[in-house]
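Everything on this sheet refers to the single structure shown next.
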Amino acid sequence: MAESGTTVLDNPLQEERRGERMPNPCNMVIFGASGDLTHRKLFPALYNLALEHLLPPEFTVIGFARRPYEQQEFRDEVKASINQFSRRKPVQEDVWERFQQGIFYVPGTFEDPEAYKRLETIMQRNDKERGTGGNRLYYLSTPPHAYADIVRNLRILEHPQDNGGDGQPKGWSKIIVEKPFGHDLSSARELNDLVHETFREDQVFRIDHYLGKETVQNILVFRFANGIFEPVWNRDHVDHVQITVAESVGVEGRAGYYEEAGTIRDMVSNHMLQLLALTAMEPPAAFDAQAVRDEKTKVLRAIHPWQHRDEREFTLRGQYGPGWVEGNHMPGYREERNVAPHSLTDTFVALKLYIDNWRWAGVPFYLRTGKALPKRVTEVAVQFKRAPFSMFRQTATAAIEPNVLAMRIQPDEGMVLKFGAKVPGPDIAIRSVNMDFLYGASFDVQVADAYERLILDCMLGESTLFTREDEVQAQWTLVDSIIDSWKQQPEPKFPNYAAGTWGPEIANRFIERDGRAWRKL
Ligand code: BG6
């Protein structure tokens, strides 16, 4: 639920602003301000919010990182990033002029308590001079190994019960934690405990940027705002579900992180399981943070436990060797800088999962994701069972394809429903045709970046699109069990697919032995 914040809404104009989702002013502190994510995503998102008048004029952002920037130097660099990465560019000078007045920089190391005292001084000054109202939003945009130092030091700034020392509430405090949230279940628990020493659960916002994507949210709207799909959304009518997150890029200079994570932690443990949860969850009783996350957690917990399974029937991993992607040569994963020459890190994963509940018992969910695949495409496809009896058996219809509903997350955002239609002519010939909905054609607006939505939601105290503690734990429980099962197997022979192909050769057999096939995307 959105919170009303500390501003007293005492006139109709302010009421109207709140209706437009205007958050209260705050100091937003970005830890890791010189990093890639900050420049590619966070500042462009903040600028676009400012451009759309969705940030209050008092909004202030403080960059915190090791690099010794001068104030103006930092602002110039932020402007350059916005010009490079914003969905709307070049920067509109009048908006930038106002926006930049609220950008500050504090140099310091994450472990140095003195740096946090300097930060506190600046925040208090902003409260007085810029009217930031004692509200604070901390954003952890650093490599995960820095989280513990930062959270420990934030305890210096954050007094228990959020009060300013005089018994009066000093405003709200929130923390956004970037993924990965832990490396496995036990480290995720440790991080949770640490964060909870300073912040209550309702102050913690764990980002999974897939949840901020319009098309991902549309899965919920599609399922629960329309009466006609829910009756067929179950084991009686669905043959199987395929979730694909294909990327054409390689590891893009992030090998240090990737060597530790692999695709299973980088993509499956969060984005893919969230797509699965939204597709498979029961209808929540309300569109609020508690109800939606309760249902997602329930379905994640209902995924059939891994023990006693033949690992090879249910999981498949791969790693790319050299090849050609979209006309360009791509070196193999093991040739990337900072990758071990005999690395066994997975860059491709396919899974077959079953959900043990009344709705989905016996319906396989096939997941596949990988780097260096032929194209970038993300979709959730629900394949329905064939008609129970075909009266067209004697005609050229035996090969009629099953109905599929594909929800295209990116690119070409939209939906396709595939069904058989009669080919015009004297015979009964049937061909599969598509009924198409394209976002771009139906809504004449540029879709906001996921980070715009998520940062705004956080400021408003709206946590539906952030992952809850128990949800993250359910995700790690599953992923840990998969990784454990891999450890019991002989070492994989990597590389086993060429960059620019749809994963290892055996990926086809993985699904074909069930009498099914991957969708050609
Ligand atoms: C990130 C992963 O979370 O998601 C990256 O760490 C991946 O490896 C990225 O490339 C994909 O996001 P998107 O929005 O481009 O699909």
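Whatever order the structure lists ligands and atoms in, that order sets their numbers, starting from 1.
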Query raised in the report: ligand 1 and Tyr258, any nitrogen or oxygen pair closer than 3.5 angstrom?
Result: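 Between Tyr258 and ligand 1, no N or O pair is found under 3.5 Å apart.
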**Report entry** Tyr257, any N or O under 3.5 Å of ligand 1 N or O
**Finding:**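 No - when backbone and side-chain N and O of Tyr257 are compared with those of ligand 1, no distance drops under 3.5 Å.
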Query raised in the report: Which pair of non-hydrogen atoms, one from Cys26 and one from Trp172, has the smallest distance, and what is that distance?
Result: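 Heavy-atom minimum between the residues: CB-CH2, 3.5 Å.
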Requested in this report: Give the minimum heavy-atom separation between Tyr497 and Ala372, together with the two atoms involved.
Outcome: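 Tyr497 and Ala372 have their closest heavy atoms at CE1-O, 4.1 Å.
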Report task. Look at ligand 1 and say whether Glu252 reaches it with a heavy atom at a distance under 4.0 Å. Result ->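 Heavy atoms of Glu252 never come under 4.0 Å of ligand 1.
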Query raised in the report: Rounded to the nearest 0.5 Å, how far apart are CD1 of Ile483 and CH2 of Trp476?
Result: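 Result: 6.5 Å between the selected atoms.
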Query raised in the report: In Å and rounded to the nearest 0.5 Å, what is the CZ to CG distance from Phe222 to Leu405?
Result: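 With rounding to 0.5 Å, CZ (Phe222) is 4.5 Å from CG (Leu405).
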**Report entry** Residue of the set Arg468, Arg206, Arg293 for which salt bridge (charged side-chain N to carboxylate O under 4.0 Å, His left out) holds with Glu201
**Finding:**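 The single option meeting the salt bridge (charged side-chain N to carboxylate O under 4.0 Å, His left out) with Glu201 is Arg206.
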Query - Pair His271 + Tyr210: ring centers closer than 6.0 Å - result: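 Centroid separation for His271 and Tyr210: below 6.0 Å.
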Run the numbers for me: atoms of ligand 1, each under 4.0 Å from some heavy atom of [X], listed by number.
X: Lys179; answer: 1 (C), 2 (C), 3 (O), 6 (O)
X: Lys371; answer: 5 (C), 7 (C), 8 (O), 10 (O)
X: Arg254; answer: 2 (C), 5 (C), 6 (O), 8 (O)

Protein contact to [atom] [nearest heavy atom, distance to 0.1 Å]:
atom: atom 16 (O) of ligand 1; value: Tyr210 OH, 2.5 Å
atom: atom 6 (O) of ligand 1; value: Asp266 OD1, 2.6 Å
atom: atom 3 (O) of ligand 1; value: His271 NE2, 2.7 Å

Query - Best match, Met267, Glu178, Arg265, His209: closest heavy atom to atom 13 (P) of ligand 1 - result: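 Looking at heavy atoms only, His209 sits closest to atom 13 (P) of ligand 1.
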Query - Option whose closest heavy atom lies nearest to atom 14 (O) of ligand 1, chosen from Arg376, Glu247, Gln410, Lys213 - result: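 Among Arg376, Glu247, Gln410, Lys213, the closest heavy atom to atom 14 (O) of ligand 1 comes from Lys213.
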Requested in this report: For Arg189, check salt bridge (Lys or Arg N to Asp or Glu O under 4.0 Å) against everything at least two apart and list the hits.
Outcome: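 With neighbours one apart ignored, the set is empty.
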